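Have a look at the structure below, then the notes.
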Amino acid sequence: MKQLVIFDLDGTLLNTIDDLGNATNYALRSCGYPEHSLKAYPMMVGNGVSRLIERALPEDARSEENVTRLRRLFTEYYDVHCTDATVPYPGIPELLDELRTRGIAMAVASNKYQEATSKLVAHFFPEMPWVAVEGQKPDFPVKPDPSVVFGILAKHPTPKAQTLYIGDSGVDMETARRACIESVGVTWGFRPESELRAHYADHIVSDPDDIIDILGQASMTGI
């Protein structure tokens, strides 16, 4: 039985894509750049806000100065509107309740900046006893660098073989692989199942209930 489950946030626990897209479009619009359909944003997110802004800008406008300027506008908007359209995915609240009932520790590891990560987790899952809620911090590497995972394990010491990492993207699967932790790719998020397979997900699930079955399985990492 696993002792600790580490969750990605966007695309795994919460469907945040409309609020992310609206905030990016606000920043683009404010600076006179063309906006994108909200349907385009699932393939832009996953590597932090700066990378999202860079991908959303026209190719000839992707300067460091522009990214910094639009990121500031994005943050101003998103801090106010980050819960407008965001919702937990179906079955996620029940999954978290089940993990809590079983005494399994839970943590969040996100590439979203720390302030927004903390706000969203507190807003949507206020009763959950998280052992760590980690977002992106200045001068700290983003996933797939595994430092965020190691930071969680430092706060809540747990053998790697007893830890499970759950996410919706190749970035998440690579993060788990680099940390030598068993991974679960979820198909209800922002990226296609093919991406999860291409990044060697140990398990792929299409329903939160399927995660319960994995918790009692022997570790596949051998770590």
Side-chain angles (χ1 to χ4, degrees), residues 6-86 108-124 132-152 167-179 189-192 195-196 198-199:
I6 301 174
F7 290 95
D8 172 53
L9 183 62
D10 299 69
T12 301
L13 294 176
L14 296 174
N15 185 350
T16 57
I17 201 66
D18 284 0
D19 287 330
L20 289 169
N22 286 332
T24 307
N25 281 342
Y26 168 79
L28 291 168
R29 182 169 64 250
S30 298
C31 294
Y33 294 114
E35 300 175 43
H36 300 278
S37 164
L38 294 181
K39 293 180 180 179
Y41 280 104
M43 297 305 294
M44 297 188 196
V45 300
N47 297 90
V49 174
S50 294
R51 191 75 175 99
L52 166 60
I53 297 298
E54 182 181 344
R55 288 168 173 157
L57 278 165
E59 190 170 349
D60 61 358
R62 294 174 182 173
S63 66
E64 183 177 348
E65 180 181 0
N66 277 344
V67 170
T68 299
R69 180 163 55 111
L70 267 72
R71 180 184 173 117
R72 183 173 61 251
L73 291 165
F74 172 99
T75 302
E76 290 173 359
Y77 183 95
Y78 193 72
D79 284 347
V80 176
H81 297 281
C82 66
T83 62
D84 286 2
T86 291
V108 172
S110 177
N111 273 344
K112 187 190 295 292
Y113 60 98
Q114 183 66 55
E115 293 81 2
T117 298
S118 298
K119 179 178 179 178
L120 286 168
V121 171
H123 179 85
F124 288 103
V133 176
E134 300 294 330
Q136 198 275 322
K137 304 178 183 70
D139 302 319
F140 200 81
V142 298
K143 299 182 295 183
D145 187 289
S147 296
V148 65
V149 172
F150 298 150
I152 291 170
D168 72 304
S169 70
V171 168
D172 292 309
M173 301 305 99
E174 179 66 12
T175 302
R177 189 188 68 81
R178 294 187 188 185
F190 301 156
R191 299 302 179 94
E195 179 173 312
L196 300 173
H199 287 84

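The first residue of the sequence shown is numbered 1, and numbering continues consecutively from there. Quick caveat: nothing in here was measured; it's all calculated off a predicted structure.
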When you compare the side chain of [Y] with that of [X], does any pair of heavy atoms fall below 4.5 Å?
X    : Y    : answer
Y113 : T117 : no
C82  : T16  : no
L57  : L28  : yes
L9   : L14  : yes
V149 : T175 : yes
R51  : M44  : no
N15  : F190 : yes
K112 : L120 : yes

[X] side, atom [atom1]; [Y] side, atom [atom2] - distance, nearest 0.5 Å:
X    : Y    : atom1 : atom2 : answer
E115 : K137 : CD    : NZ    : 9.5 Å
H81  : T86  : NE2   : OG1   : 12.5 Å
R69  : I53  : CZ    : CD1   : 11.0 Å
E134 : S147 : CD    : OG    : 11.5 Å
E76  : Y26  : CD    : OH    : 6.5 Å
N66  : C31  : CG    : SG    : 7.0 Å

Side-chain donor/acceptor of [X] to backbone N/O of [Y], under 3.5 Å:
X    : Y    : result
H123 : K119 : no
Q136 : V49  : no
T12  : D168 : yes
H36  : A56  : yes
D19  : A85  : yes

Apply side-chain contact (heavy atoms from CB on, under 4.5 Å) to I17 and L38, showing your working.
CA-CA 7 Å; I17 201 66; L38 294 181; over 6 Å; no
Which pair of non-hydrogen atoms, one from [X] and one from [Y], has the smallest distance, and what is that distance?
X    : Y    : value
P192 : M43  : CD-SD, 4.4 Å
N111 : G46  : ND2-O, 3.0 Å
S169 : L196 : N-CD2, 3.6 Å
S118 : V133 : CA-CG1, 4.2 Å

Would you please test F124 and T83 for side-chain contact (heavy atoms from CB on, under 4.5 Å) and show each step?
CA-CA 9 Å; F124 288 103; T83 62; 4.0 Å; yes
Pairing of [X] and [Y] as salt bridge, 4.0 angstrom limit:
X    : Y    : value
E54  : R62  : no
R178 : E174 : yes
D172 : R191 : no

Would you check, one step at a time, whether the test salt bridge (Lys or Arg N to Asp or Glu O under 4.0 Å) holds for K143 with D8?
CA-CA 10 Å; K143 299 182 295 183; D8 172 53; 3.0 Å; yes
Within the 3.5 Å criterion, strictly below it, is a donor on Y41 or N25 matched to an acceptor on the partner's side chain?
yes
Kindly determine whether Y78 and N22 satisfy side-chain contact (heavy atoms from CB on, under 4.5 Å), including the steps that lead there.
CA-CA 8 Å; Y78 193 72; N22 286 332; over 6 Å; no
side-chain hydrogen bond (donor to acceptor under 3.5 Å, both in side chains) partner of S50, chosen from R71, R55, E64
R71
side-chain contact (heavy atoms from CB on, under 4.5 Å) assessment of N47 paired with V171:
CA-CA 8 Å; N47 297 90; V171 168; 3.5 Å; yes
